[in-house]
Colleague: 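Structure in structure tokens, see below.
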There are 2 protein chains.
Amino acid sequence: MTANHPYDPTFTDRVINSMGPKTNPRLRQLMASLIRHIHDFARENELTVDEWMAGVQMINWAGKMSDEKRNEGQLLCDVIGLESLVDEITYKVVSESDAPTATAILGPFFRADTIARKNGDSIVTGVDDGEMTFMHGQVVDFTTKQPIAGATVEVWQASTNGLYEQQDPNQVEHNLRGKFTTDENGRYWFYCIRPTPYPVPGDGPAGKLLEMMDRHPFRPAHIHILATHDKYKPLVTQIFDRKDQYLTNDSVFAVKDSLIVDFVPRKDDPKASLELNYDVKLVPAEPSS
Amino acid sequence: MTANHPYDPTFTDRVINSMGPKTNPRLRQLMASLIRHIHDFARENELTVDEWMAGVQMINWAGKMSDEKRNEGQLLCDVIGLESLVDEITYKVVSESDAPTATAILGPFFRADTIARKNGDSIVTGVDDGEMTFMHGQVVDFTTKQPIAGATVEVWQASTNGLYEQQDPNQVEHNLRGKFTTDENGRYWFYCIRPTPYPVPGDGPAGKLLEMMDRHPFRPAHIHILATHDKYKPLVTQIFDRKDQYLTNDSVFAVKDSLIVDFVPRKDDPKASLELNYDVKLVPAEPSS
């Protein structure tokens, strides 16, 4: 609050205090804090009109590129670590103890209308150069360690060309994604490919910002998982291949040590040369009192 | 830099330090500061994924609405005072002494291709309910007090319906705007209307944000001025009618005391019932060494 700068020391408070009495209290808190931080940012760096306008144009560009299939505003946040940070904050209850599965960002390629598949199915169509993998695991209650039957395990991954199916007109719809339901022992199993690293799109403001910051655009190879059940908190996570070269410098900062997994050789399965075992621990939802 | 919160204390530095060696030094400074402020904002307020996503959607919405004629990203910044603050910062050399004309924001309705008009012309076409005003003044050198001949004085104002010509299909192109050149005595003169207050557009994210913050959208009545001359620093300003009801609570925070002017009765001029005298003091440009 100290004003050790040559600018009008009352300005920021005047802007904040212009909010009227009917403002939602949480919104008032967030806007007051955001206005203070953005004004401090401008003053501390003596931000010029031209620099500010370059930022405005980047934001407008992000909005223009965004549609049902692509969220460039989200991607801009991702490359400065904001989605990962907000994920950490939101799920801190889950991640305070490191025993439940750690969380990671949802990312812009999730589809709410992912199709259901049966355990044992393959999510892979038309990927000739992928390493086929048998992925399986158990969903359990973090507190009781008991298996959770009827849990939904939703997975999605990019193809070997670095594109998710909704980005790629050459992939069949819903390729490399599917929604599985755990059996009476809490188990799920299916075939996928070993994921490969890919760059975030380079044709928009997020790609431009990465280039300006002299950063590479690659995400380490990963599989997205969303695990849900009525009686448990939903879990959004990503699991990463231990052998990936971008594990320590993910362009969107989503890697956590506990999310690194090993793909091991699988024998006697004509459908897959690799195997991945991944168990999910869910935290019970708050009692609805 | 202290980490009195439960979140990974290395995270923000890791994001900042991912910038590569080829990053422009000024960009590195700005991005490091922006990332630190935005991460602090998220942590201090325990920003949730849903709240963050609401912000992303607002930014994407702003981009979608923006085009050649409308800059909604800019307007979002304006309603949180950012353009006024950046204006104050950028022109602090000019405004450090309060003797040169104070500056104000350019705003989203400036046109780079404004047409030239002759002194004595009217910028008004088809405004039946406006109070016609004879505006005139002298452009002088702030240091020598000598008149500046050949200076450009560009003005633009909204019509009585609250719309600038580019927002309003019923106005002729370039209505209520014009570019004048000072005569050998540094003088300019023309006819305009007494400006009236108007709301910033309510159909986009900036209007929505104002509504959520329980704030009115009105700007006090004003005339925009851009004064330029090769040998002087360009001056961007707005002048405000002393009798306006929104003078103390401009929705974009652009009013300064020194920019408030008086419209006085004008006699014996069939073309105008009001008169406005406004002199502009320009600061010499830095010598080009």
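Small disclaimer: the values here were computed from a predicted structure and weren't measured.
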Colleague: What residue in A:D40, A:L30, A:I35 has the most heavy-atom pairs under 4.5 Å with chain B?
Modeller: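 Top option by heavy-atom pairs under 4.5 Å: A:L30.
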
Colleague: Where does A:L85 contact chain B at under 4.5 Å (heavy atoms): side chain, backbone, both or neither?
Modeller: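 The answer is both parts of A:L85.
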
Colleague: Does any heavy atom of chain A fall under 4.5 Å from the side chain of B:D8, the backbone, both, or neither of them?
Modeller: both

Colleague: Does any heavy atom of chain A fall under 4.5 Å from the side chain of B:F41, the backbone, both, or neither of them?
Modeller: both

Colleague: Give, as side chain, backbone, both or neither, the part of B:W61 having an atom under 4.5 angstrom from any heavy atom of chain A.
Modeller: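 Neither part.
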
Colleague: Picking from B:V79, B:N71, B:L76, B:I16, which has the most non-hydrogen pairs under 4.5 angstrom with chain A?
Modeller: B:N71

Colleague: On a heavy-atom basis, which atom in B:K64 and which in A:D67 lie closest, and how many Å separate them?
Modeller: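 Scanning both residues completely, I find the closest heavy atoms to be NZ-N, 4.2 Å.
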
Colleague: Please list, chain by chain and in numerical order, all residues satisfying ring-ring contact (aromatic ring centres under 6.0 Å, His included) with B:Y232, sequence neighbours excluded.
Modeller: B:H229

Colleague: I'd like to know if A:D78 and A:R219 make a salt bridge, using a cut-off of under 4.0 Å between side-chain N and carboxylate O.
Modeller: no

Colleague: Please identify, among B:L47, B:T48, B:T12, the residue contributing the most non-hydrogen atom pairs under 4.5 Å to chain A.
Modeller: B:L47

Colleague: Quick check for you: to the nearest 0.5 Å, what is the distance between B:L82 atom CG and B:D87 atom CG?
Modeller: 11.0 Å

Colleague: Below 4.5 Å from any heavy atom of chain A, which atoms of B:N45 appear? Answer side chain, backbone, both or neither.
Modeller: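 Both backbone and side chain of B:N45 come within 4.5 Å of chain A.
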
Colleague: How are the rings of B:H37 and A:H37 set relative to one another: parallel (under 30°), tilted (30 to 60°) or perpendicular (over 60°)?
Modeller: perpendicular

Colleague: What's the shortest heavy-atom distance between B:N249 and B:Q245, and which atoms?
Modeller: OD1-O, 4.1 Å

Colleague: Please report the closest heavy-atom contact between A:G73 and A:A62, naming both atoms and the distance.
Modeller: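 That would be N-CB, 4.0 Å.
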
Colleague: Measuring heavy-atom distances to chain B, does A:D50 have an atom under 4.5 Å in its side chain, in its backbone, in both, or in neither?
Modeller: neither

Colleague: Of the backbone (N, CA, C, O) and the side chain (C-beta and beyond), which part of B:R26 lies under 4.5 Å from a heavy atom of chain A, both, or neither?
Modeller: side chain

Colleague: Quick one: sort the A:H222 and A:Y164 rings into parallel, tilted or perpendicular, breaks at 30° and 60°.
Modeller: tilted

Colleague: Taking the side chain as every heavy atom from C-beta outward, state whether B:R70 and B:Q166 have any atom pair closer than 4.5 Å.
Modeller: no

Colleague: Working to the nearest 0.5 Å, report the span between CG of A:L226 and CG of A:L235.
Modeller: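 The distance works out to 8.0 Å.
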
Colleague: Rounded to the nearest 0.5 Å, how far does CD1 of A:I38 lie from CD1 of B:I38?
Modeller: 6.5 Å

Colleague: Compare all side-chain heavy atoms of A:E83 with those of B:V49 and state whether any distance is below 4.5 angstrom.
Modeller: no

Colleague: Using 0.5 Å steps for rounding, measure from the CZ atom of A:R28 to the CG atom of A:N17.
Modeller: 8.5 Å

Colleague: Which bit of B:V86 is near chain A, if near means a heavy-atom gap under 4.5 Å: side chain, backbone, both or neither?
Modeller: both

Colleague: Measure distances from B:I59 to the heavy atoms of chain A and classify the residue's part below 4.5 Å as side chain, backbone, both or neither.
Modeller: both

Colleague: Could you tell me which of A:Q29, A:K22, A:E72, A:M31 has the largest number of non-hydrogen atom pairs under 4.5 Å with chain B?
Modeller: A:K22

Colleague: Counting only non-hydrogen atoms closer than 4.5 Å, does B:L27 touch chain A with its backbone (N, CA, C, O), its side chain (CB onward), both, or neither?
Modeller: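 Side chain only.
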
Colleague: What distance separates A:S33 OG from B:R43 CZ, expressed to the nearest 0.5 Å?
Modeller: 12.0 Å

Colleague: Looking at chain A, which one of B:H39, B:E44, B:M65 has the largest number of heavy-atom pairs inside 4.5 Å, strictly under?
Modeller: B:H39

Colleague: By number, which residues in residues 204-214 of chain B have some heavy atom less than 4.5 Å away from chain A?
Modeller: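 B:L209, B:M212, B:M213, B:D214, listed by number.
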
Colleague: With chain B as the partner, which of A:V56, A:V15, A:N24 has the greatest number of non-hydrogen pairs under 4.5 Å?
Modeller: A:V15

